[in-house]
Amino acid sequence: MDMTKEAAYGLNKEAVRRRLLELADGRYREFHGGLLPGVDNILGVRVPDLRKLAKEIAKGDWEAFLLENDREWYEKDMLQGLVTASAKMEFDRRLELTREFIPRINNWAVCDIFCGSFKEAKKHKEEVWEFLQPYLKSKEEYELRFGVVMLLSHFVEEAYLEKAFAAFDAIDSDAYYVRMAVAWAVSVYFVHFPEESMKYLKNNQLDNWTYNKAIQKITESYRVEKEMKELLRGMKRKI
């Protein structure tokens, strides 16, 4: 990159690389790496620091950053997602860049941080819902997890209850991080809509492992009454 372009957004590829190295924490790398089996390119930069760095990038020529950002480290995928989710742009452009970003998702952390950062979903409910449909029907583990985590992050509303439950029932995957996401989503829906979610738990198409994990997660919530937890524990399926 020439000096003119570098000055235009300050944090070019090499500048971002230097900042990441400065922010890296070896002890955090060991801890976080233990939570991400199979991911071996972790520097050890904490999420709050990545968010701050993403904000800096988003203030400049973020499009140049997204184009040039390689996959040397896990944190670069995280930055790609954070900038894609938060930089100022037209909504159609964000969906386009999201579609390009999704193949970079290869672990639960990048997936979940990206989904939680996609704040504009709340302003464009129907467009995002339609955008998610191919991913909710995908056979790819992290495409499916992306779809499910987007639902629990932005669609825990009465208007989407039946459609969300139907989406969960239609998922046919034995991938661990998909089933965990569905269980997590069901638990989130239960906390906000216990009556409707209880009806769903009594009549659903979830596999036994996901169903039981959903009940476990619900009973671990401090927002669920003790009596309800006891009832739910009695609803677990015997495998």
Side-chain angles (χ1 to χ4, degrees), residues 1-123 128 131 135 140-143 145-147 149-150 153-154 177 180-181:
M1 175 182 295
D2 60 37
M3 293 302 293
T4 301
K5 193 168 185 181
E6 180 173 347
Y9 80 98
L11 294 176
N12 66 357
K13 180 179 177 180
E14 287 306 313
V16 170
R17 191 177 191 279
R18 288 195 299 271
R19 289 287 295 278
L20 288 173
L21 286 169
E22 291 169 0
L23 292 166
D25 181 331
R27 293 182 65 183
Y28 181 70
R29 179 180 64 244
E30 292 181 14
F31 165 74
H32 196 52
L35 303 176
L36 294 170
V39 182
D40 57 7
N41 62 337
I42 300 171
L43 268 181
V45 182
R46 299 173 186 273
V47 173
D49 290 328
L50 289 170
R51 289 191 186 279
K52 290 177 184 178
L53 184 53
K55 285 183 179 180
E56 289 185 51
I57 295 167
K59 290 177 181 178
D61 190 352
W62 53 265
E63 289 188 277
F65 168 78
L66 293 180
L67 183 63
E68 298 174 358
N69 185 32
D70 59 37
R71 305 195 65 183
E72 179 183 12
W73 297 313
Y74 149 86
E75 285 82 359
K76 289 187 175 183
D77 284 340
M78 193 72 83
L79 283 176
Q80 190 84 4
L82 288 170
V83 173
T84 297
S86 62
K88 291 184 179 180
M89 67 183 82
E90 294 295 324
F91 184 66
D92 287 346
R93 177 63 170 151
R94 196 179 311 282
L95 291 184
E96 177 185 347
L97 291 173
T98 296
R99 193 176 290 109
E100 293 175 5
F101 169 69
I102 289 170
R104 288 181 72 145
I105 299 175
N106 64 359
N107 61 80
W108 65 264
V110 168
C111 176
D112 297 2
I113 293 296
F114 175 73
C115 292
S117 302
F118 200 108
K119 304 299 185 183
E120 205 172 5
K122 298 188 182 300
K123 298 179 181 179
V128 174
F131 178 82
Y135 299 105
E140 299 296 324
E141 181 172 14
Y142 288 104
E143 289 187 1
R145 186 176 175 98
F146 163 74
V149 177
M150 284 294 287
S153 298
H154 306 292
Y177 288 106
M180 284 294 289

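This chain uses plain numbering: 1 for the first residue, then up along the sequence.
- The side-chain hydrogen bond (donor to acceptor under 3.5 Å, both in side chains) test applied to His32 returns Tyr74, not counting sequence neighbours.
- For the pair Arg93/Glu96, a side-chain contact is recorded, criterion being any heavy-atom separation below 4.5 Å from C-beta on.
- Separating the NZ atom in Lys52 from the CD1 atom in Ile57 is a distance of 14.5 Å, to the nearest 0.5 Å.
- Summarising the geometry of Lys76 relative to Asp70, their closest heavy-atom pair is NZ-OD1, 2.8 Å, with the distance given to 0.1 Å.
- Separating the CZ atom in Phe114 from the CE atom in Met78 is a distance of 12.0 Å, to the nearest 0.5 Å.
- In the displayed structure, Lys122 atom NZ is contacted under 6.0 Å by more than 12 heavy atoms of other residues, nucleotides or ligands.
- Side-chain atoms of Gln80 and Leu66, non-hydrogen and from C-beta on, do get closer than 4.5 Å to each other.
- Ser86 and Arg51 share no donor-acceptor pair across their side chains, judged by distance under 3.5 Å alone.
- Considering Leu53, Val110, Leu20 as possible partners of Glu75, the one that fulfils the side chain to side chain contact (heavy atoms under 4.5 Å, CB included) test is Leu20.
- For the pair Arg19 and Asp49, the salt-bridge criterion is not met [side-chain N within less than 4.0 Å of a carboxylate O].
- To the nearest 0.5 Å, atom OH of residue Tyr142 and atom CD1 of residue Ile102 are 14.5 Å apart.
- Counting heavy atoms of neighbouring residues, nucleotides and ligands inside a 6.0 Å radius, atom CZ of Phe91 exceeds 12 of them.
- A salt bridge is absent between Arg27 and Glu30; no separation between the charged side-chain nitrogens and carboxylate oxygens falls under 4.0 Å.
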